[in-house]
Amino acid sequence: MRKVCVVIGSRANYSSIKSAMRAVRDHPELELQLVVGASALLDRYGTVLDVIERDGFEPDERVFMLIEGETPATMAKSTGLGLLELPTAFDRLDPDVVITVGDRFETMATALAATYMNIPLAHTMGGEVSGNIDESIRHAVTKFAHIHFPACADAADRIVRMGEDPANVHMVGCPRMDLVAEVLADGGDGLSSLFEVGVGGRFSLDEPFLLVSQHPVTTEYGDGGHQIGETLAAVQELDLPAIVLWPNADAGSEDIAAGMRRFREHEDDSKLHFFKNLPTTDYIRLMARTSCLVGNSSSAIREGAFIGTPSVNIGHRQDGRQRGPNLLDVAYDRGEIAGAVRRQLEHGPYETAPIYGDGHAGTRIADVLAETEMPSIQKRITY
C-alpha cells in the first residue's frame with residue numbers, strides 16, 4: 001500500500017482535490033492520509049474542516065499554521081509556521097508521497113517541508129499563469145515537485161519548458177471539474193435550505209440573481225476596500241439580488257471584509273445575502289443557476305467555462321489564464337462592471353468549454369500514483 005498524504009489548507013484547496021482524495025481512498029493499492037491546516041480550521045472562514053468531515057474524510061493531523069491579520073508580513077510568517085509544523089506531521093505519518101494543491105502559501109510550506117524530508121512531492125494545477133503572487137508560488141513549487149498533474153494543455157507544455165521531465169508530467173485535468181460533472185449529472189435543486197446560514201436578505205433563486213466572489217490581490221495590497229466597494233456599487237446599480245461570498249485568507253482579505261461590512265452598514269443590503277463559506281455542491285448549483293458570476297475567482301474561468309456560466313472577471317488576479325468564451329474582463333470600475341454584467345444578462349448561458357478537464361481527473365491522479373514508479377528524489381533540469 002502506497003501512502004498518499006494530501007494537505008488541505010483552505011476551502012479552495014479542498015474543492016480542488018476532493019475527487020482525487022476519494023479516488024485515492026477507494027484505490028486498492030493506495031492509503032489516503034489527510035493533513036488539514038491553515039484557514040480550513042478557522043471559524044471565520046467557515047470551518048472547512050466540518051465540510052471535510054461531513055464528506056466522510058477523517059483528518060490524520062490538524063496543523064494550526066495561520067497567523068491572522070492578512071497582511072504580507074503575516075502571509076510570510078504563516079508560511080514559516082507551516083514549515084515548522086508540517087514536518088512533525090509528515091514525520092508521524094511517514095507518507096510515500098505528498099500531494100500539494102495549487103498556489104497558496106500553505107502549498108509552498110508543504111513543498112518545502114516534503115522535499116527537505118526526501119518525500120516525493122506531487123503538485124496539482126501547476127504551470128498556469130495568473131496576475132497574483134500565486135503565479136510565483138505555483139512555478140516555484142513546480143521546481144520542487146517530482147510528479148506534476150496540470151489541469152490544461154498549455155500548463156503542461158509550460159511545465160516541460162521549465163525543465164521538468166515530460167515523463168513526470170501527467171495532463172489529468174482539474175479535479176474541481178469532477179465535482180461539477182457529478183453535481184450537474186445528479187440534477188435536483190439541493191438549495192432549499194441555503195438561506196438558513198449566512199446573513200442578509202432572502203430571495204427566490206428562481207428569479208435572476210448574481211453570484212459575487214472576490215478575493216484580495218496580494219500585489220495590490222491595500223486596495224481591496226476600494227475594489228470590493230466598486231463591485232458592490234455596481235451590484236446595487238443593477239438592482240438584482242446577489243449572493244456574496246467572504247474572501248479567502250490572502251493578504252488584504254480584511255480590507256475586502258471591511259468593505260463588505262461598510263456597505264452593509266451604510267447602504268441598502270436587503271437584496272444581498274453574505275456567506276462565509278458554502279459547500280462545494282451548493283456553489284456549483286449556484287453557478288449553474290446564476291445569471292452572472294461577478295468578481296475575480298478562478299471558478300469563473302475553470303468551473304464557469306465547464307458549466308457555461310456568464311461571468312465578469314474584475315481586475316488582474318486571473319491575468320493570463322486560459323479561458324473560455326463565458327468571460328468578460330473589466331477594471332475596478334462600477335460603470336464597467338455594471339455594463340459587462342448587463343451584456344452577460346442579455347447573452348445568457350454559454351455552451352460548455354471543457355478547457356480544464358472532462359470530469360475524470362481524480363481517478364487519473366490515483367492511477368498514476370498507484371502505477372507509476374516514484375521519480376528519483378534528486379531532480380535534474382532537462383535542458
Side-chain angles (χ1 to χ4, degrees), residues 10-12 14-15 39 42-48 50-51 54 179-180 183 188-216 224-225 227-249 253-300 303-304 307 309-314 334 337-338 340-342 344-345 348-349:
S10 69
R11 67 191 185 203
Y14 180 52
S15 64
S39 65
L42 302 183
D43 177 68
R44 67 178 297 190
Y45 297 102
T47 316
V48 180
D50 292 345
V51 177
R54 282 199 300 271
L179 305 184
V180 175
V183 172
D189 182 87
L191 297 171
S192 57
S193 60
L194 181 73
F195 293 114
E196 291 179 7
V197 295
V199 296
R202 298 187 176 210
F203 47 85
S204 171
L205 297 177
D206 293 326
E207 301 297 326
F209 70 93
L210 305 178
L211 183 59
V212 179
S213 180
Q214 190 158 323
H215 304 296
Q227 292 169 355
I228 191 64
E230 290 297 297
T231 301
L232 294 177
V235 171
Q236 187 178 47
E237 178 184 327
L238 291 161
D239 198 31
L240 284 174
I243 288 170
V244 185
L245 302 184
W246 217 245
N248 66 17
S253 175
E254 184 52 36
D255 292 334
I256 292 182
M260 289 179 177
R261 287 192 290 267
R262 279 196 302 272
F263 186 88
R264 292 194 64 216
E265 290 168 2
H266 300 292
E267 303 291 340
D268 179 11
D269 70 339
S270 60
K271 290 189 174 183
L272 305 183
H273 198 93
F274 296 81
F275 290 92
K276 282 184 180 179
N277 188 39
L278 283 174
T280 302
T281 52
D282 286 357
Y283 185 65
I284 292 169
R285 289 188 176 105
L286 287 170
M287 285 190 67
R289 295 181 66 171
T290 186
S291 299
C292 186
L293 171 58
V294 184
N296 61 8
S297 169
S298 64
S299 63
E303 291 96 325
I307 297 170
T309 306
S311 303
V312 173
N313 178 62
I314 305 169
R334 64 187 69 185
I337 297 168
V341 172
R342 289 190 183 99
Q344 293 290 42
L345 295 176

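These numbers come from a predicted model, not from an experiment.
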Ser311 backbone acceptor or donor facing Gln344 side chain under 3.5 Å: yes

For Thr280, all residues meeting side chain to side chain donor-acceptor pair (under 3.5 Å), sequence neighbours excluded: none

Spacing of OG belonging to Ser270 relative to CZ belonging to Arg202, to within rounding of 0.5 Å: 14.0 Å

Min side-chain heavy-atom separation Ile314-Gln227 under 4.5 Å: no

Residue pair Val212 / Leu245, side-chain heavy-atom distance below 4.5 Å: no

Exam field: side chain His215 to backbone Pro247, donor-acceptor pair closer than 3.5 Å: no

By side-chain contact (heavy atoms from CB on, under 4.5 Å) - contacts of Val51 (at least two apart): Tyr14, Arg54, Asp55, Asn277

Student check: side-chain heavy atoms of Leu293 and Asn313 closer than 4.5 Å: no

Arg342 and Glu237 ion-paired at < 4.0 Å: yes

Gln236 and Glu267: side chain donor to acceptor below 3.5 Å: yes

Nearest atoms (heavy-atom pairs only) where Ile337 meets Val294: CG2-CG1, 4.1 Å

Check: Leu240 and Val235 side chains under 4.5 Å, non-hydrogen atoms: no

Shortest non-hydrogen contact between Ile256 and Gly224, atoms and distance: CG1-O, 3.7 Å

Sole residue of Val244, Thr231, Leu232 in side-chain contact (heavy atoms from CB on, under 4.5 Å) with Phe263: Leu232

Counterpart residues, side chain to side chain donor-acceptor pair (under 3.5 Å), relative to Arg289 (two or more places apart): Asp189, Asp206

Ring geometry between Phe195 and His273 (parallel below 30°, tilted from 30 to 60°, perpendicular above 60°): perpendicular

Side chain Ser15, main chain Ala12, donor-acceptor under 3.5 Å: yes

